[in-house]
Amino acid sequence: MSKKKVATVSLAGCFGCHMSFLDMDLELLDLIDLIQFDRSPLTDIKTFKHRVDIGLIEGGVCNDHNLHVLRDFRQHCDVLISLGECAIMGGLPAMRNDIPLSECLNEAYLGVPTAIKNSTIIPHHEDLPKILDRVYPCHELVKIDYFLTGCPPSGEVIALALKSLLRGDLTIPRELIKYD
Ligand code: SF4
């Protein structure tokens, strides 16, 4: 049986969901017989080499580069999974959603003790990603097929999800699902 292709990415996340992926320990050895990683921080492959069967998205969307990457994943993945609370609800970065963006930037660049005295300049450059008005959960911007809850979902759950999807349906025992 040919290996299924899997891609992963971290958008506005902390990489904790990817750490959890690695935390599956010996399960990873079983999994590696079934899957092959394409684009992923785990392989350091930064662009898609092939269309893939399963994409896992960690983190929500906080800037236009995140949005571009998310759309690229939707385009290249047969099945797309929001992995963890940040991808599903925006997570901690979404705490800024109730505050106007201009206020956030003023506080971050002008209001901190390390700011240059009397400066009114908020750093920007055309090569830097543009920050969006708020942090978006992935499913508000593209179609997401499955959601793996938890902060982060455990390695066991990620392994089970991938293995069951490879069999054709995603089934996780209820007692393993967390909503933190
Ligand atoms: Fe990190 Fe939790 Fe967000 Fe995953 S869900 S990226 S572990 S904060």
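As a basis for the values below, the full set of heavy atoms in this structure was taken, side chains included, without hydrogen atoms, waters or symmetry mates. Counting convention: from 1, in listed order, for ligands and their atoms alike. The model shown is predicted, which means the values in this text are computed figures rather than measured ones.
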Electrostatic pair D145:K143 at N-O distance under 4.0 angstrom | yes
Nearest to atom 3 (Fe) of ligand 1, what protein heavy atom do you find, and at what distance?
-> C86 SG, 2.3 Å
Any V79 side-chain heavy atom under 4.5 Å of Y146 side chain | yes
D78: which of K4, R51, K5 passes side-chain hydrogen bond (donor to acceptor under 3.5 Å, both in side chains) = R51
In plain terms, say whether E107 and R96 are close enough for a salt bridge, that is, a side-chain N and a carboxylate O under 4.0 Å apart.
-> no
Pick, from A12, G84, C17, the option with the minimum heavy-atom distance to atom 4 (Fe) of ligand 1.
-> C17
Out of C14, G90, S10, S20, who gets a non-hydrogen atom closest to atom 6 (S) of ligand 1?
-> C14
What is the closest protein heavy atom to atom 2 (Fe) of ligand 1, and at what distance does it sit?
-> C151 SG, 2.3 Å
Around atom 5 (S) of ligand 1, find the nearest protein heavy atom and jot down its residue, atom name and distance.
-> E85 N, 3.3 Å
Does a salt bridge link R134 with D98, judged by any charged N lying under 4.0 Å from a carboxylate O?
-> no
Numbering as shown, the atoms of ligand 1 that approach E58 to under 4.0 Å (heavy-atom distance) | 6 (S)
